[in-house]
Number of protein chains: 4
Amino acid sequence: MSKTRVGILNVTGYAGVELARLLAAHPDVELTSVTGRSTAGQPLGQVFPHLSALGLTVAAEIGEVDLVFSALPHRESAEQILPLLERGLKVIDVSADFRLKDSALYEEWYGFRHPAPELLPKAIYGLPELNRESIKTTNLTANPGCYPTASILALAPALKAGLIDGNIIIDAKSGVSGAGRSLSLKSHYCEANEDISAYALTAHRHQPEIFQELTALDAKVQAVAFTPHLIPMKRGILATCYAPLKTAVSDTEIRGIYHQFYEQEQFVEVTPAPPHTRDVSGTNMCLIHPVIDRRSGLLIVLSAIDNLIKGAAGQAIQNMNLMLGLPEEAALPKLAQYP
Amino acid sequence: MSKTRVGILNVTGYAGVELARLLAAHPDVELTSVTGRSTAGQPLGQVFPHLSALGLTVAAEIGEVDLVFSALPHRESAEQILPLLERGLKVIDVSADFRLKDSALYEEWYGFRHPAPELLPKAIYGLPELNRESIKTTNLTANPGCYPTASILALAPALKAGLIDGNIIIDAKSGVSGAGRSLSLKSHYCEANEDISAYALTAHRHQPEIFQELTALDAKVQAVAFTPHLIPMKRGILATCYAPLKTAVSDTEIRGIYHQFYEQEQFVEVTPAPPHTRDVSGTNMCLIHPVIDRRSGLLIVLSAIDNLIKGAAGQAIQNMNLMLGLPEEAALPKLAQYP
Amino acid sequence: MSKTRVGILNVTGYAGVELARLLAAHPDVELTSVTGRSTAGQPLGQVFPHLSALGLTVAAEIGEVDLVFSALPHRESAEQILPLLERGLKVIDVSADFRLKDSALYEEWYGFRHPAPELLPKAIYGLPELNRESIKTTNLTANPGCYPTASILALAPALKAGLIDGNIIIDAKSGVSGAGRSLSLKSHYCEANEDISAYALTAHRHQPEIFQELTALDAKVQAVAFTPHLIPMKRGILATCYAPLKTAVSDTEIRGIYHQFYEQEQFVEVTPAPPHTRDVSGTNMCLIHPVIDRRSGLLIVLSAIDNLIKGAAGQAIQNMNLMLGLPEEAALPKLAQYP
Amino acid sequence: MSKTRVGILNVTGYAGVELARLLAAHPDVELTSVTGRSTAGQPLGQVFPHLSALGLTVAAEIGEVDLVFSALPHRESAEQILPLLERGLKVIDVSADFRLKDSALYEEWYGFRHPAPELLPKAIYGLPELNRESIKTTNLTANPGCYPTASILALAPALKAGLIDGNIIIDAKSGVSGAGRSLSLKSHYCEANEDISAYALTAHRHQPEIFQELTALDAKVQAVAFTPHLIPMKRGILATCYAPLKTAVSDTEIRGIYHQFYEQEQFVEVTPAPPHTRDVSGTNMCLIHPVIDRRSGLLIVLSAIDNLIKGAAGQAIQNMNLMLGLPEEAALPKLAQYP
């Protein structure tokens, strides 16, 4: 059987390059076309020596493929995706352009009018653990943000069980690759190493995305306070979530609820101890640990992912596998590169 | 004028060694005696090459001094401090032994009966910004923990102003030096680097210390949920605190309250942007940034310190300066070693 | 076709655990038995959460297998390997016990009499690029050290071509995982981070191993000065080699010689620019860059590997593939996990 | 006595900012004027929060001062220094513009004609350990490069003693701050962390500077092969130097020669073990360890400095102290910030 041909718009960011690496190990899919903006015309191996074995050249336009991943920045992504959808291609958008359902909200947070607001309600939010069946039949998947992936998976079982009432706090910590490959002082080695800080305080663009998805799980969520932090490591996100409970729940009960919720999932594991991001490095796994703080009565949930895999490229491939009817786990590592 | 002689019990941990380094620059105090457990008899410069210029030898017993810092582990610290107090020495205990006022609480959290419960109410909690006058006249200062220092300074202005009502959440992040110099897998380079995790979930010994001091500021604090995290860097603590407000307060108002509270303090600065731990590295400063999350109505306060200085050795010297009637800022750096 | 069963002696070090991870992706081999010293009886996933999916339990003794990897420390390795060889098993020794051909040299460097000196000349030095045919037929492969792998591959083409005359200098830099998982101050996070130093100056055990193999390539090598350095990163070795040339050679000529020497090799690549260890991270690749310094006339060769893969577990699997008649590249990644 | 006023041209790089921090602790000198290129007009504390206590504003032009440090890039530095020298100011140039004596060599390596070639022979190469007396009386000091400082101090005693004959190899490793504060992919966190590579192979601009100074010590030096490497840490340089000996020398003899050479120096220490860069972090110290490799007969010398202090700002202040007749050690830390 011939392989399905796929392409990547803007392979040169960290999500794009990780897509290329992971797809190279896929038994049923072949990466045949990649585009880049400033590097068009160059062999991929010249831009990324570690990918020279793929033998690809960065093109200005995507070639003949059946499915396209867009790793473009938002806005540009929507603009390039539209004609591809019209040509009948399946599209997985790794940018933020099709995540929010409400075009007014999009305009508020991203600062310009969405070029295809009519598509927003049709795009499927690509979190397979929650929306698997819809993903299987869509032509347009909005791949979730890295912070939202960790946060929503951490809170979904409790929200679905109707346990939570009040403000939810998500204190998230991300490695520096989350800030991308574009140069900036915040990602400059000597500024980022041996440092931690919060950023985008009360104003990060993943906040409305998280709020939209949590309220879809339980309309009674009041508000979400989301505080991202930058951590001196390359990969990994840890989300520490705090939520008030309607009524008291024991540690045993909450673990039971979480285990049951995820027992069919191969990429989510409920762990007996607080998870380490090192244990998901290089994998598509999400490790989750819920616990009750007996003094405050709060539910605390910790959630760890590799921001470039389950938080970006890996989840995109998981979505692709569903959209193409392939085994969901194809090409997706489960064992961490440790140490 | 001859210098005051001081000593350090257990110089060989990270707090002890930092005390030795900072004291070497003190104009009015001379470090004349240091003890160690496994290294007694060795020149200090053999254990720590960077301190060979001090010309000290590690002794088994403290020599003739007027004031002693104890950087011993808890329990051992109390046991060695008692005879020194009886000899009339001034003591600053960097361990946890004299921080909790309630001996039953101490026994619950530290697992053994306190050897001098009668001293607990007399020891002064050595946070100069809150207890300056008492520190000036005590013979026994309990130097605060690193997490409590960052957390209490972050919340004191709001609590004193009576703004807070409900559960307080403290999500704290510490560099690895907080785990000490004793070998453990959690501080092993390949386990700690490129990793983040929470630890001691709902059960860290700094929780009762923080709760005790916060309720002393405002008895209406309900509970404190304290979650420490280990970050792949050597020094630094960032505490991200979340507290529900009784009534709505604006960003401008809260900044005004914080600025006023700390305007006389030379080691606390209220910053216009979220603080970075790199900006306090090597200093005795605490940087604080309060903000209101308009969606949840929560007060969020970020607080950054160098865990080994304002969180340990520097604060101990600040306390010593007060106890000896010296300028409070003597030997305490304010400008960060950057980058 | 049923899979070949293999086992790992001492799975709990970094080489052992990486063997387990890589073998899990092998199409023709099944890891069925692992031993550990202090962890015998525990589920592997309890010791290493990231390997819980393997479903293995750490045993005290190796089970029924056809081939065994020994990741034991030297001495213990030889002692446990001998009875296995007698039982007819194929063995790949990742320790240093069978690398030196001369038992007197072994005793000099390792401090005890070798338990099976008669096996030393029979064991094959498992560097496939040099000894492929012998590895295919041996029952006992001595897996090379990490530094020797990078160094010998860097110098082999020039030595085989008879270009070098005089003392060779190898200035090597290794990530901290090379120091193993056993606790030590040198691998303590706060001691190793933000630091570089040389160690084992003129006295590292890999020196005689390198010298033995380089003189086997060209008997006219005078001496090897080998200086290892510890670098604050987890994985990776960079060897910078300096060698005097008999007669002048141009950059073009030396690149031609290196390209030709390795053109059939799938795990060695001669690169047009100085290699980065990040470009081999997670792979079995060795990147090599030779250049002539026109002022001194020296040949300088840079060589980069992942010390835990091409420098340990990956090379061991490459040797296993040869010994079992399987495709040499099976289960061995070529694309780096980047960034 | 009033303090001497000094200024910094281009305070906004890492050398400039470190100069500002160290000068703030100087008892006899006051930093009264700082310039910047893109930040002129801004409070210094806005660009660097950790320096807000200095109360300075970045100016476009240097104010009324007696001595100026130039931390400008080369070329621009020479151009801005010339009029200041004419105004009678003392100048310490931290850039490379006045280090090479030969204007043709300068043009070859820096790519443009030197604007004041007549000053090149008059500028003093500011390595106090070698040129102290000349520095005391000059108006123009060329502050040495970071790599040259470590390398020349490592080799000077052996060269002065006439021990060396042949090619010298300097394999140097630097933290990322050596690449400056300007954004570049090589200093991007995710590219630099967990990576090591050599760069500027056989072509680094510090090579001619080192060669010039080594041949000034002993004209019989044949050639210098200099290989710089980038290490994932913020600060620190370790130079590993290899030099052939004319006649055999013992370890004891070589240590004796080095100890004698540096016995009067307060910023150079000959160490009994290989030095760590962590032991010089934050200090103006240079630690040196010479050893003989008995197999090759080579002299190996290790040398560790903090590249921003002894390799830049600290050495500049040491030079200033000499030029102003102040105690040489004023404002220069000797005890490392550890850990």
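Throughout, a chain's letter reflects where its sequence line sits, starting with A, and its residues are numbered from 1.
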Chemist: Are any of the side-chain heavy atoms of A/Met233 and B/Asn193 separated by less than 4.5 Å?
Modeler: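 No, too far: nothing below the 4.5 Å cut-off.
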Chemist: Taking side chain as everything from C-beta outward and backbone as N, CA, C, O, which of these in A/Ala198 sits under 4.5 Å from a heavy atom of chain B? Side chain, backbone, both or neither.
Modeler: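 Both parts, backbone and side chain.
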Chemist: Please examine the side chains of B/Asp293 and A/Phe226, heavy atoms only from C-beta on, and report whether any two atoms are closer than 4.5 Å.
Modeler: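 Not touching, per the 4.5 Å side-chain cut-off.
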Chemist: I'd like to know if B/Arg278 pairs up with A/Glu191 as an ion pair, taking the criterion as any Lys NZ or Arg NE/NH1/NH2 lying under 4.0 Å from an Asp or Glu carboxylate oxygen.
Modeler: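 Salt bridge between B/Arg278 and A/Glu191, a charged N being under 4.0 Å from a carboxylate O: yes.
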Chemist: Determine the option with the most heavy-atom pairs under 4.5 angstrom with chain A, choosing from B/Ile169, B/Leu302, B/Val280, B/Leu230.
Modeler: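 Most pairs with chain A among the choices: B/Ile169.
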Chemist: Is it the backbone or the side chain of B/Ile196 that comes under 4.5 Å from a heavy atom of chain A, or both, or neither?
Modeler: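 Its backbone and side chain both get close to chain A.
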Chemist: Please state whether the side chain, the backbone, both or neither of A/Pro232 comes within less than 4.5 Å of a heavy atom of chain B.
Modeler: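 A/Pro232 touches chain B through backbone and side-chain heavy atoms alike.
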Chemist: Most heavy-atom pairs under 4.5 angstrom with chain A, which of B/Ala223, B/Ser296, B/Pro274?
Modeler: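 Between B/Ala223, B/Ser296, B/Pro274, the count favours B/Ser296.
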Chemist: Between A/His289, A/His229, A/Arg235, A/Arg294, which has the largest tally of heavy atom pairs under 4.5 Å with chain B?
Modeler: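 Most heavy-atom pairs within the cutoff with chain B belong to A/His229.
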Chemist: What part of A/Ile292 lies closer than 4.5 angstrom to a heavy atom of chain B: side chain, backbone, both or neither?
Modeler: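 Backbone only.
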Chemist: What distance do B/Asp195 atom CG and A/Tyr338 atom OH have between them, rounded to the nearest 0.5 Å?
Modeler: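 Separation between the atoms: 10.0 Å.
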Chemist: Please state whether the side chain, the backbone, both or neither of A/Gln222 comes within less than 4.5 Å of a heavy atom of chain B.
Modeler: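 For A/Gln222, no heavy atom lies under 4.5 Å from chain B.
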Chemist: Is A/Lys173 salt-bridged to B/Asp171, going by a charged N under 4.0 Å from an acidic O?
Modeler: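 Yes.
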Chemist: What distance separates B/Glu194 CD from A/Gln337 CD, expressed to the nearest 0.5 Å?
Modeler: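 So the gap between those two atoms works out to 10.5 Å.
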Chemist: Could you tell me whether the side chain of B/Arg295 and the main chain of A/Thr202 form a donor-acceptor pair under 3.5 Å?
Modeler: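 Pair found, side chain donor or acceptor close to backbone of A/Thr202.
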Chemist: Quick check for you: to the nearest 0.5 Å, what is the distance between B/Asn167 atom CG and A/Leu298 atom CG?
Modeler: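 Between B/Asn167 CG and A/Leu298 CG, I get 5.5 Å after rounding to 0.5 Å.
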Chemist: A/Tyr242 and B/Thr227: side chain to side chain contact (heavy atoms under 4.5 Å, CB included), yes or no, with the steps?
Modeler: CA-CA 10 Å; A/Tyr242 302 87; B/Thr227 312; 2.9 Å; yes
Chemist: Can you tell me which portion of B/Phe211 sits under 4.5 Å from chain A's heavy atoms? Options are side chain, backbone, both or neither.
Modeler: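 It is neither, since no heavy atom gets under 4.5 Å.
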